[in-house]
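Since the structure comes first, as structure tokens, the remarks are kept for the end.
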Amino acid sequence: MTEITHWADVMAEEILRSGKKHLVATGITPSGHIHIGNMREVVTADATYRALLDQGADAEIIYVADTYDPLRKVYPFLDESFAPHVGKPISEIPCPCGECTSYAEHFLKPFYKALDRLGIHPKIYRADEMYKQGMYVESIKTALLNRDKIAHILQEHSGKEVTADWSPFNPICNKCARLTTTKVTGFDIEAETVNYVCSCGDNGTVSMTGGGKLTWRVDWPARWGVLGVTVEPFGKDHASKGGSYDTGKAISEEIYGYKAPYPVVYEWIMLGTKGAMSSSSGVVVAISDMLEVLPPEILRYLIIRTKPEKHIRFDPSLPLLNLVDEYEKLSANNEGPSYNRRLKELSHAAGICHTDIPFRHMITIYQVAHGDLDRVMKIVERSGYSTKNEKCILELAENVGKWLDMYAPDMVKFSVKEEIPVQAATLNATQRSFLQALSEEIDAANELSGEDYHNLVYSSQDKNSSLNARMGRIMGIDAEELEVRTTEMFKAIYLAVLGQQSGPKAGWFLSSMEKEFLAKRFKEAASYRP
RNA sequence: GGGCUCGUAGCUCAGUCAGGCAGAGCGUCUGGCUUUUAACCAGACGGCCUAGGGUUCAAAUCCCUACGAGCCCGCCA
């Protein structure tokens, strides 16, 4: 088996050929909930950034929030009161919940929190502030003066006619505050102003400092030069021929005289079988939701383990547990191929909690405890796990609770019935005698571990066991005549406790409950008649 | 119509850049600890690397063509 190099390291090596100093940029428009598809962008950027640092680069990572973009439409999650705001920059629109300083901020706040949890700490820029501080003034002048050349580039690369009144700059109307409805009528390089007419009937003059923004296809390359971006991941939508990277590269190099950044193109994340994730189709899992279900490093691992140009199939229901298992196994093993260790390093998020309780076990614990966190801790203790990292254990329990609530299939769900379930009526004579005998054995015993319970259940088919002997006595037959199939005995247990035919691995499951409760329940079930 | 990316075991994917015996995990099956229903361990099964052609001593890997999937070319990142 040959040694495998992680994609981020391969990329870093290539990037370093063009110099030692690098600025990795990422940018997302906070016009709606930022979902895990968007997360791929920042995690990809961060992996590249970490790989660059590891190879000795002088690298930085930044995140540009495109807060000066206009609101495109009234999205499904907005109410009609937002209709008048369509076309205004999202930094200038009120917050949907009324508590944030702007619409943009409303969606950025949870995203910043998510970044932090994922261990990604970029220097943050807000586009509206950059414009308002005049950082783009020179770029705007250059763009206005080279309007024809830019139009030519756009036409050449995208094959699309550019209209006669097209301008690389979109002024913000002084009257209606929109930037999608204005047309540039002239500009003054000395005074740094632009004249416009607006479809609302207004006409006037705005400053190049905060009075409008460059159109996206020009804004992007302008930003590269202004900030000194050398590496940038972006979705494949920008990557095709005639797309915005194509035109951006040409504009950057021909108009701004700045070498376009190294492109890292990433594919979409597909949600289960529902297809690509996108805000407009409503097929979305918000990062903030996912972080309530999964530890951040597993979310990173999801992205890190797959090369950017491959699409990722993400299914938050049962298949999610495979991902979790895989990561837990990886995480517990410090040996193994260097590639595995690299995966782990790149998945590492800062300040994570460690508990050795697997996610799958917690699914059982949590449900036995009926979601009660005090009871969760008691069960953890009874099951022999360390209770030292209480905070982390509870965090895991909360993750599991959310998962059960939002994504878990019925198959893994169960509830320990407070009263004996009516399904116990279907128990046959052998099963009843087994439960009665089991109840007596439990009563007689001191502490029982998962393995003890496990052994106990299996001893039912052993002619020399005390459990088997009890069963014979209860049924009033000879040991020789007693036929015990353990499968049936397991069913009896699940029926008595859960009211269903199957359940979590029995020994461990039983040990998570109080033995007095079990003794009582099994005794009741043995003689239950509805 | 033009272009980009992907196609490898039942499933999720490494391996393709830099050609050298077809790989991992999960699932399945078998076996083990007197004994494992969703916590164990070991082993096995599993493949026309989407198809066809080309280059080469040698192709999953490079080149061409086709098919399938997703996406872009509408200044909706």
Side-chain angles (χ1 to χ4, degrees), chain A residues 1-7 10-11 13-14 26-29 31 38 41 64 66 69-73 75 150-151 154 157-160 162-163 166 168 170 180 214-220 232 234-248 265-268 270 275-276 278-280 302 305-315 318-319 321-323 325-327 329-330 336-337 339-340 343 357-358 360-361 363-364 383 411-412 414 450-451 453-462 464-465 486-487 489-491 493-494 501-509 511:
Chain A
M1 196 165 62
T2 50
E3 206 60 38
I4 303 163
T5 312
H6 190 268
W7 56 260
V10 174
M11 229 167 244
E13 204 185 314
E14 199 177 326
T26 116
I28 294 166
T29 307
S31 59
N38 303 127
E41 165 142 345
V64 181
D66 283 300
D69 285 14
L71 181 68
R72 299 283 168 192
K73 62 176 183 180
Y75 293 106
I150 295 174
L154 291 179
H157 286 264
S158 68
K160 203 71 194 172
V162 173
T163 55
W166 179 84
N170 295 132
T180 51
L214 290 166
T215 184
W216 160 244
R217 289 221 182 209
V218 183
D219 177 292
W220 201 22
E232 180 157 354
F234 47 88
K236 63 171 177 177
D237 48 345
H238 296 307
S240 70
K241 198 155 184 83
S244 47
Y245 180 73
D246 225 21
T247 54
V265 180
Y266 61 88
E267 251 283 355
W268 299 145
M270 321 285 280
S278 89
S279 321
S280 52
L302 173 74
R305 67 173 182 158
T306 310
K307 295 198 299 186
E309 64 267 28
K310 293 267 227 179
H311 67 233
I312 291 176
R313 203 173 294 280
F314 178 73
D315 190 333
L318 203 57
L321 297 184
N322 283 336
L323 179 73
D325 283 349
E326 205 177 294
Y327 186 78
K329 203 171 277 184
L330 185 73
Y339 178 70
N340 286 4
L343 276 177
I357 306 172
R360 277 184 197 271
H361 288 202
I363 291 173
T364 303
S383 310
M411 197 201 128
V412 300
F414 65 82
E451 202 181 344
Y453 276 112
H454 175 80
N455 291 335
L456 197 51
V457 175
Y458 272 92
S459 74
S460 64
Q461 63 178 14
D462 181 353
N464 301 318
S465 74
T486 49
T487 311
M489 302 309 113
F490 279 112
K491 269 189 193 165
I493 290 171
Y494 296 123
Q501 300 263 336
S502 62
K505 287 279 187 187
W508 191 81
F509 172 55
S511 74

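FYI, side chains are in, hydrogens and waters are out, and symmetry mates aren't considered; it's all heavy atoms of this structure.
A:Phe414 is linked by a ring-ring contact (aromatic ring centres under 6.0 Å, His included) to A:Phe509, counting only residues two or more places apart in sequence or in another chain. Take A:Arg305 and apply the salt bridge (Lys or Arg N to Asp or Glu O under 4.0 Å) test, not counting sequence neighbours, and it matches A:Glu326. Residues meeting the side chain to side chain contact (heavy atoms under 4.5 Å, CB included) test with A:Thr180, sequence neighbours left out: A:Pro70, A:Arg178. In this structure A:Asp66 satisfies the salt bridge (Lys or Arg N to Asp or Glu O under 4.0 Å) test together with A:Arg223, sequence neighbours excluded. With sequence neighbours excluded, the residues that form a side chain to side chain contact (heavy atoms under 4.5 Å, CB included) with A:Asp462 are A:Asn464, A:Ser465. Every residue was checked against the salt bridge (Lys or Arg N to Asp or Glu O under 4.0 Å) condition with A:Lys505, not counting sequence neighbours, and none meets it. Scanning for side chain to side chain donor-acceptor pair (under 3.5 Å) contacts around A:Tyr266 gives A:Glu41, with sequence neighbours left out. Checked against salt bridge (Lys or Arg N to Asp or Glu O under 4.0 Å), A:Lys307 has the following partners two or more places apart in sequence or in another chain: A:Glu309. Scored by the side chain to side chain donor-acceptor pair (under 3.5 Å) test, A:His361 finds A:Tyr385 as partners (sequence neighbours excluded).
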Any protein N or O atoms within reach of nucleotides 38-41 of chain B? Criterion: under 3.5 Å, listing atom names and distances.
residue	atom	partner	partner atom	Å
B:rA38	N7	A:Gly503	O	2.0
B:rA38	N6	A:Ser502	O	3.4
B:rA38	N6	A:Ser502	OG	3.4
B:rA38	N6	A:Gly503	N	3.0
B:rA38	N1	A:Met411	O	2.9

Give every pair of a protein N or O atom and an N or O atom of nucleotides 3-5 of chain B that lie under 3.5 Å apart, one pair per line with the distance.
residue	atom	partner	partner atom	Å
B:rU5	O2'	A:Glu309	O	3.0

Check nucleotides 75-77 of chain B for protein N or O atoms closer than 3.5 Å to its own N or O atoms and list the pairs.
residue	atom	partner	partner atom	Å
B:rC75	N3	A:Trp166	NE1	2.8
B:rC76	OP1	A:Arg72	NH2	3.3
B:rA77	O4'	A:His238	NE2	2.6
B:rA77	O2'	A:His238	NE2	3.3
B:rA77	N6	A:Asp69	OD1	2.8
B:rA77	N6	A:Asp69	OD2	2.1
B:rA77	N1	A:Asp66	OD1	3.3
B:rA77	N1	A:Asp66	OD2	2.8
B:rA77	N1	A:Asp69	OD2	3.1

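Each of B:rC13, B:rG25, B:rA14 was ranked by its minimum atom distance to the side chain of A:Arg313; first place goes to B:rC13.
Side-chain nitrogen and oxygen atoms of A:Tyr453 include none within less than 4.0 Å of the OP1 or OP2 phosphate oxygen of B:rU35. At the phosphate of B:rC17, neither OP1 nor OP2 sits under 4.0 Å from any side-chain N or O atom of A:Lys307.
Base pairing of B:rU16: no nucleotide in any strand meets the Watson-Crick or G-U wobble criterion (both distances under 3.5 Å). Both distances falling under 3.5 Å, in either a Watson-Crick or a G-U wobble arrangement, occur for no nucleotide opposite B:rC75. Figure legend. B:rU34 is base-paired to no nucleotide; pairs are counted as Watson-Crick or G-U wobble with both atom distances under 3.5 Å. B:rA44 is paired with B:rU28 under the Watson-Crick or G-U wobble criterion, all donor-acceptor distances under 3.5 Å.
Within 3.5 Å, no donor on the side chain of A:Asn322 pairs with an acceptor on the base of B:rU12, nor the reverse.
Nucleic acid contact for A:Val10: base, since at least one base atom lies under 4.0 Å from a heavy atom of the residue.
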